Protein chains: 2
Amino acid sequence: MAARKKTYFAVLGLLSWKPMSGYDIKKFVEMGISHFWNESYGQLFPTLSRLVDEGLATKEQAQGSGRRKRFLYTITDQGREALEEWLRAPSEPVRTRSELTLKFFLSCRRPPAEAARLLEEHRSQLEERLEEYTESERTLARAVETGALPDEVGHLLQADSEEESALDLRPEALMFYLTLRQGILVLQARLAWCDEAAAALKPNPSNLGAVTQ
Amino acid sequence: MAARKKTYFAVLGLLSWKPMSGYDIKKFVEMGISHFWNESYGQLFPTLSRLVDEGLATKEQAQGSGRRKRFLYTITDQGREALEEWLRAPSEPVRTRSELTLKFFLSCRRPPAEAARLLEEHRSQLEERLEEYTESERTLARAVETGALPDEVGHLLQADSEEESALDLRPEALMFYLTLRQGILVLQARLAWCDEAAAALKPNPSNLGAVTQ
DNA sequence: CTTCAATATATCAAACTGATATATCTAGTG
DNA sequence: CACTAGATATATCAGTTTGATATATTGAAG
């Protein structure tokens, strides 16, 4: 047997916010919460079918833009119960697989330039992401007070019925903001590590003091 | 098609340090580098077979403790070439799936106590790990200067031939130390986030100033 | 002398990834 | 107006990874 059906409950959780299609969910995860979660189509569609089979969600045909087919999935009461149970259950710690850290580690007995190069690659990867996150952070900090989420995720959460009063999305905005802050803090920590590691590997190891603090 | 054979090259990389058995590799990863990497038996044994099939490693029967069967895998020249190529190739960024962060995010419209409880669970999970890491850090900081790695990993790296002069493992110790530092910095960042998030969710949101910095 | 933990290899179902196939509609370009 | 690129939308598949378990031997502790 394998694993704990993370996708299964993740999807259920997202449906508890709003009925969505498979495509919507993918976009939502990608645009909104990719710093701490991810889903692939290959897992998404089978999972949605399974949720329907097991009575935790319902599937209905909806209007896609134009004449495209589009299936909206809605959580059921039974689904909400299952979700709550999962929310209360103990959670797995994060498992990380960092290819760059592994390569760095392995470069131990190789020319010193190699470790340095890997740290540079690592740093530039992190900086690129940090820039994106910092950009989002500004938008979200405003959204926490106004409820105006960026459209990529906002349009999925807004009430679809025409004239209805717009939902107040400030609670959601706060969650987007806070979880993004986590992403930023972790990135900054990783960047700080790059500095530390680079310093420790500098040709002249006057660093030995620094290394042991 | 899927993926980039990370296990394949990870195993090859570890074998480039020292010939090992499947069990050794598992233990090495678990004891030594689990803060940034992990491998499961289910992937390890098939991968080892494949490395042998493709000429990147050789398999030979060796003496297990007592009369147990034990297979030692040794990297070949072709293996070293393939490894170097991989080391130079661009690397995938880390993808994280944090169950606790997801639950926290989803708890948006639920009783506030729930988000608080999840943050507490998160914090205690992180603190537990941080304690272990901090313990290791002390040992490794010493090992950086003496080369005396903790036995769990050290015995795998020491020359097996009886009277041979012991290898100087200080370069390896430095890598263990530095990558562990990464793990510590990231844990600390996550803990700092728990504080930040808890503060932002405190009943009286005099935090709005704090939230927007 | 028995039971427990460590050593050691191996396999499997289930979960997950990354790529790709298919098709429709929208907007912009020449 | 025709063409094309990109967004919308569902779906599948091979390859990768996980977590659990099966099996067997040995060493140490009680």
Side-chain angles (χ1 to χ4, degrees), chain A residues 1-12 19-31 34 37-52 54 59-73 92-99 102 151-152 155-156, chain B residues 1-11 19-31 34 37-52 54 59-73 92-97 99 102 151-152 155-156:
Chain A
M1 233 169 312
R4 322 202 322 135
K5 303 200 285 185
K6 295 193 191 189
T7 294
Y8 190 83
F9 288 106
V11 168
L12 199 56
M20 290 194 261
S21 71
Y23 185 75
D24 290 343
I25 293 172
K26 177 76 166 123
K27 278 283 164 274
F28 186 91
V29 170
E30 218 167 83
M31 302 279 98
S34 59
W37 203 257
N38 59 79
E39 290 299 345
S40 62
Y41 283 130
Q43 190 68 355
L44 222 35
F45 286 101
T47 296
L48 284 166
S49 300
R50 223 173 122 196
L51 285 169
V52 172
E54 295 173 15
K59 176 183 189 173
E60 71 195 289
Q61 178 114 26
Q63 214 60 268
S65 56
R67 211 62 312 258
R68 282 191 210 91
K69 73 175 162 177
R70 179 162 189 270
F71 301 105
L72 256 196
Y73 293 85
E92 287 279 281
V94 203
R95 309 200 80 64
T96 349
R97 253 185 151 184
S98 166
E99 210 176 315
L102 176 64
D151 203 51
E152 309 97 72
H155 85 277
L156 294 172
Chain B
M1 236 168 310
R4 322 200 321 135
K5 303 200 286 183
K6 296 193 191 189
T7 295
Y8 190 83
F9 289 105
V11 169
M20 290 193 261
S21 71
Y23 185 75
D24 291 342
I25 293 173
K26 177 75 165 119
K27 278 286 165 272
F28 186 93
V29 170
E30 218 167 83
M31 301 281 99
S34 59
W37 202 258
N38 59 79
E39 289 299 345
S40 61
Y41 283 131
Q43 190 66 354
L44 222 35
F45 287 101
T47 296
L48 284 166
S49 300
R50 223 172 122 198
L51 285 169
V52 172
E54 296 173 16
K59 177 184 189 174
E60 71 194 290
Q61 179 114 23
Q63 214 61 268
S65 54
R67 208 65 312 255
R68 282 190 210 89
K69 71 174 163 178
R70 180 160 186 271
F71 301 104
L72 256 198
Y73 293 85
E92 288 277 281
V94 203
R95 274 186 351 261
T96 352
R97 252 184 150 186
E99 209 176 316
L102 177 65
D151 202 52
E152 310 98 73
H155 84 277
L156 294 171

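Bear in mind the structure is a predicted one, so any value in this text is a computation, not a measurement. Convention: sequence-line order gives letters A, B, ...; per-chain numbering from 1.
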- line: Between A:Y8 and A:Y41, the residue closer to the 5' end of DNA chain C by nearest nucleotide is A:Y8
query: Nearest nucleotide by nearest heavy atom, which residue falls closer to the 5' end of DNA chain D, A:S49 or A:K6?
result: A:S49
statement: NE2 (A:H155) and NZ (A:K27) are apart, to the nearest 0.5 Å, by 10.0 Å
Over all atoms of both residues, closest heavy-atom pair of B:G22 and B:L48: CA-CD1, 3.7 Å
- prompt: Can you check the A:F9 CZ to C:dA15 P distance for me, whole Å?
  reply: 11 Å
field: ring-ring contact (aromatic ring centres under 6.0 Å, His included) partners for A:F9, two or more places apart
entry: A:W86
message: Taking the basic N atoms (NZ, or NE/NH1/NH2) and the acidic carboxylate oxygens, is any pair closer than 4.0 Å for A:E99 and B:R95?
response: no
- request: Select base, sugar-phosphate, or nothing to describe what B:G22 touches, counting heavy atoms under 4.0 Å on all strands.
  value: sugar-phosphate
- prompt: Just checking A:E92: base, sugar-phosphate only, or nothing, at a heavy-atom cut-off of under 4.0 Å?
  reply: sugar-phosphate
message: For D:dT10 and A:S21 - does any side-chain N or O of the residue sit under 4.0 Å from the phosphate oxygens OP1/OP2?
response: yes
- request: Would you please confirm or rule out a distance under 4.0 Å between OP1 or OP2 of C:dG18 and any side-chain N or O of B:R95?
  value: yes
- line: Which of D:dG19, C:dA8, C:dT9 is nearest the side chain of B:S40? It is D:dG19
field: Comparing A:K27 and A:R4 on DNA chain D - which has the more 5′ nearest nucleotide
entry: A:K27
- request: Send over the distance from B:F71 CZ to C:dT7 C1', rounded to a whole Å.
  value: 14 Å
message: Would you say A:T7 places a side-chain N or O within less than 4.0 Å of OP1 or OP2 belonging to C:dA15?
response: no
field: Rounded interatomic separation in angstrom, taking CG from A:L48 and P from D:dT10
entry: 9 Å
task: Return the minimal non-hydrogen interatomic distance between B:Y8 and B:T47, and the atom names on each side.
output: CA-CG2, 3.6 Å
message: Looking at A:E39 and A:K6, is there a salt bridge between them, counting it only when a charged N and a carboxylate O are closer than 4.0 Å?
response: no
query: In whole angstrom, what separates B:Q43's CD from C:dC16's P?
result: 15 Å
message: Can you see if the side chain of B:R50 gets near the phosphate of D:dT16 - specifically, an N or O under 4.0 Å from OP1 or OP2?
response: yes
statement: With the side chain defined as heavy atoms from C-beta on, B:Y23 is closest, among C:dA15, D:dT10, C:dT7, to C:dT7
- prompt: Rounded to whole angstrom units, what separation is found between the CE atom of A:M31 and the P atom of D:dA7?
  reply: 10 Å
- line: CG (A:L156) and OG (A:S21) are apart, to the nearest 0.5 Å, by 8.0 Å
query: To the side chain of B:N38, which of C:dT9, D:dA11, D:dT18 is closest?
result: D:dT18
- prompt: Which dot-bracket string fits DNA chain D when only Watson-Crick or G-U wobble pairs with both atom distances under 3.5 Å count, crossing pairs get [ ], and | stands for a partner on a different strand?
  reply: ||||||||||||||||||||||||||||||
field: Nearest non-hydrogen partners of B:W37 and B:V29, listed with the distance
entry: O-CG1, 3.8 Å
- request: In whole angstrom, give the distance that lies between atom CZ of B:F45 and atom P of D:dT17.
  value: 16 Å
- prompt: B:Y73 or B:R97: which one's nearest nucleotide on DNA chain C is closer to the 5' end?
  reply: B:Y73
field: Nucleotide C:dA8, atom C1' - distance to CG of B:L156 in whole Å
entry: 13 Å
message: Nearest whole Å is fine: how far is C:dA19 C1' from A:L44 CG?
response: 16 Å
message: So B:E152, base contact, sugar-phosphate only, or nothing? Heavy-atom distance under 4.0 Å.
response: nothing
